[in-house]
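Fair warning: this is a prediction, and the values are worked out from it, not measured in the lab.
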Amino acid sequence: MAAEATAGSVHRFRGRFLHCLPEATGGYRVEYLEDGVLVVEGSRIAGLETAAAAEAQGLDLAACTDLGGDLVVPGFVDTHVHAPQLDVIGSHGEQLLEWLERYTFPAEARFADEAFARVAMADFLDALLCQGTTSAMVYATSHHHATDALFAAAEARGLCLIAGKVLMDRNAPEALRDSAEGGIAESRELIERWHGRDRLAYAVTPRFSITSSPAQLAGAGQLLRDHPGVYLQTHLAENPREVAAVRELFPEAAHYLDTYDAHGLCTERSVFAHCLHLEAGEIRRLAETGALVAFCPSSNLFLGSGLFNWQAFAAAGVPVTIASDVGAGTDLSMLGTLADAYKVCQLGGHPLPPLDAFHAITLGNARALGLEARIGTLAPGSDADFLRLNPREIPLLAGRVAACRDIAEEWFAYQILGDDRLVRETWVAGQCRNRDGRLVVEG
């Protein structure tokens with residue numbers, strides 16, 4: 001059993017290490033150590049070097065925790081996931097708007113019960129930890145107390161979390177609707193309580209333009225201006241019927257994106273999920289404002305929404321992140337998400353290279369969110385968020401890995417065949433929070 005890293009402690013781990021490092025040009029390089037030593041001091045990574053170099057500097061390698069050939073990687077980063085939707089994963093037979101009405105809204109209505117919300121939010125975060133996700137951009141519900149419970153549970157677990165109360169003042173069940181003024185006031189209070197506290201940040205969160213009035217979207221823009229460090233997260237052009245409904249609700253808008261842009265919601269800290277049915281002018285505007293796109297392959301396939309055209313966004317200079325989008329997404333694991341992303345890219349005629357995929361759910365997502373100095377890498381100075389991966393618990397994967405010729409091929413096997421059994425340990429800010437599928441809540 002690996003040692004716990006507590007405040008002021010120093011621990012050294014010997015094993016194999018894979019991570020990415022940013023380059024000044026905007027690119028990245030992969031670093032793989034076949035036999036390395038990771039040094040953790042308190043909640044941060046203090047060093048990573050080859051075992052030979054560490055021994056030459058006087059380290060007794062026998063004093064290190066031997067990881068037995070397991071692969072250590074940075075904790076995964078998810079840029080779009082819904083905390084209240086675990087119970088609707090795999091719900092049959094609908095496309096987006098029907099799926100919301102039939103499954104999502106009833107599930108979210110249960111969070112009106114404060115006791116239920118506290119337990120469910122904690123369970124959601126524990127599920128993330130078991131899958132190896134240590135940082136996430138999360139939608140709560142429209143309930144102030146449920147959002148508060150999500151932040152409190154994240155703080156207790158030391159997670160890096162960006163989250164927000166869902167804003168929706170129309171075209172939703174009465175039990176879930178807020179008001180333009182009330183939703184903004186509650187968001188402001190949550191920003192003041194949680195944004196910048198420990199490893200937490202706030203995201204202003206209109207669900208989408210269908211469920212937010214122009215007055216509410218204007219209020220969201222005011223929140224961004226009043227609190228420059230917060231994020232914006234919402235949905236954009238996921239489904240053709242959704243796009244048509246927005247056109248009817250906003251006849252004055254040039255296009256769907258304009259319903260957000262007109263209120264100041266397109267910034268370099270804005271994450272727009274899906275973006276499957278955009279006009280060329282919308283893609284150009286995303287590039288001009290520096291806004292981010294969240295590619296959600298599992299949910300796009302499951303709801304029949306469409307295939308994401310990564311090449312179009314890359315050509316326009318729009319940063320693309322990868323996200324699970326549970327519960328329409330069918331896998332909370334970023335490995336399963338990458339498996340679907342690979343298939344979508346194959347269908348689009350531009351295969352996703354294994355180490356590009358690895359970069360995407362670690363440093364790539366972190367960098368897009370402006371958090372690369374803290375998460376997504378094993379570089380010294382980073383928060384000690386990392387995973388210990390062991391394929392031996394999955395016979396099919398173990399056999400495949402035994403035949404791999406290099407680390408790229410090994411990683412590809414993980415993303416195609418891996419699941420939560422692969423994640424032997426999840427470390428968050430220097431503390432092991434999950435070991436062999438069993439949660440370790442206390443440090």
Side-chain angles (χ1 to χ4, degrees), residues 75-89 104-131 133-168 175-176 178 182-207 220 223 227 229-235 271 273 294 323-329 332 369 371 375 385 426 428-429 433-434 439 441:
F76 301 145
V77 183
D78 189 344
T79 59
H80 182 90
V81 62
H82 294 264
Q85 294 183 17
L86 286 184
D87 290 344
V88 301
I89 294 177
T104 302
F105 290 156
E108 294 189 3
R110 299 177 66 194
F111 284 74
D113 182 298
E114 293 192 28
F116 175 85
R118 283 195 299 273
V119 173
M121 290 305 188
D123 287 348
F124 165 76
L125 295 178
D126 290 343
L128 285 184
L129 288 170
C130 287
Q131 298 289 353
T133 298
T134 57
S135 303
M137 197 167 192
V138 182
Y139 287 61
T141 67
S142 56
H143 307 98
H144 177 281
H145 63 260
T147 311
D148 197 62
L150 175 62
F151 276 117
E155 183 180 47
R157 288 156 178 75
L159 287 165
C160 176
L161 195 82
I162 304 168
K165 169 195 138 51
V166 174
L167 297 168
M168 47 185 195
L176 291 175
D178 53 18
I184 297 304
E186 288 184 334
S187 298
R188 189 180 302 277
E189 192 278 331
L190 288 163
I191 290 169
E192 292 170 353
R193 181 182 307 182
W194 292 109
H195 182 70
R197 178 168 159 177
D198 294 331
R199 304 178 73 205
L200 307 174
Y202 197 85
V204 177
T205 309
R207 175 170 240 117
L223 286 175
H227 305 277
V230 304
Y231 293 82
L232 181 285
Q233 60 179 353
T234 192
H235 301 81
V271 180
S324 70
D325 193 28
V326 160
L332 200 59
L369 296 172
L371 297 174
I375 63 173
D385 294 355
T426 304
V428 178
R433 294 296 187 182
N434 165 62
L439 294 163
V441 177

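Applying the salt bridge (Lys or Arg N to Asp or Glu O under 4.0 Å) test to Arg188 and every residue at least two apart in sequence or in another chain returns Asp226. Under the side chain to side chain donor-acceptor pair (under 3.5 Å) criterion, Tyr202 pairs with no residue at all, not counting sequence neighbours. Applying the side chain to side chain contact (heavy atoms under 4.5 Å, CB included) criterion to Asp113, with sequence neighbours excluded, gives Ala115, Phe116. Gln85 meets the side chain to side chain contact (heavy atoms under 4.5 Å, CB included) test with His82, Val88, Trp99, Thr104, Glu108, Arg207; sequence neighbours excluded. Remark: Ala154 engages Leu125, Leu159, Leu161, Leu200 in a side chain to side chain contact (heavy atoms under 4.5 Å, CB included) (not counting sequence neighbours). Every residue was checked against the salt bridge (Lys or Arg N to Asp or Glu O under 4.0 Å) condition with Asp78, not counting sequence neighbours, and none meets it. Partners of Ile89 under the side chain to side chain contact (heavy atoms under 4.5 Å, CB included) rule, at least two apart in sequence or in another chain, are Leu86, Val326. Partners of His143 under the ring-ring contact (aromatic ring centres under 6.0 Å, His included) rule, at least two apart in sequence or in another chain, are His145. Remark: Thr79 engages Thr321 in a side chain to side chain donor-acceptor pair (under 3.5 Å) (not counting sequence neighbours). For His227, the ring-ring contact (aromatic ring centres under 6.0 Å, His included) test picks out no residue, with sequence neighbours left out. Applying the side chain to side chain donor-acceptor pair (under 3.5 Å) test to Ser135 and every residue at least two apart in sequence or in another chain returns nothing.
The nearest pair of heavy atoms linking Pro84 to Ala107 is O-CB, 4.2 Å.
Checked options Ile162, Val77, Val81; the residue passing with Met137 is Ile162 (criterion: side-chain contact (heavy atoms from CB on, under 4.5 Å)).
Under the side chain to side chain donor-acceptor pair (under 3.5 Å) criterion, the residue pairs touching residues 191-201 are Asp148-Arg193, Asp148-Trp194, Glu155-Arg197, Glu189-Arg193, Arg199-Asp383, Arg199-Asp385, with sequence neighbours excluded.
Side-chain N or O atoms of Thr426 include one that pairs as donor or acceptor with a backbone N or O of Leu129 at under 3.5 Å. The backbone N or O of Gln131 lies less than 3.5 Å from no partner atom in the side chain of Thr133, so there is not a single donor-acceptor pair. Counting only distance, with no hydrogens or angles, the side chain of Ser324 and the backbone of Leu332 share no donor-acceptor pair below 3.5 Å.
Here CZ of Phe151 is found 7.0 Å from CG of Leu190. Values are rounded to the nearest 0.5 Å. Distance check, rounded to the nearest 0.5 Å: CZ of Phe111 to OG1 of Thr147 gives 10.0 Å.
With respect to Arg433 and Asp126, no salt bridge is recorded, no charged nitrogen being found less than 4.0 Å from a carboxylate O.
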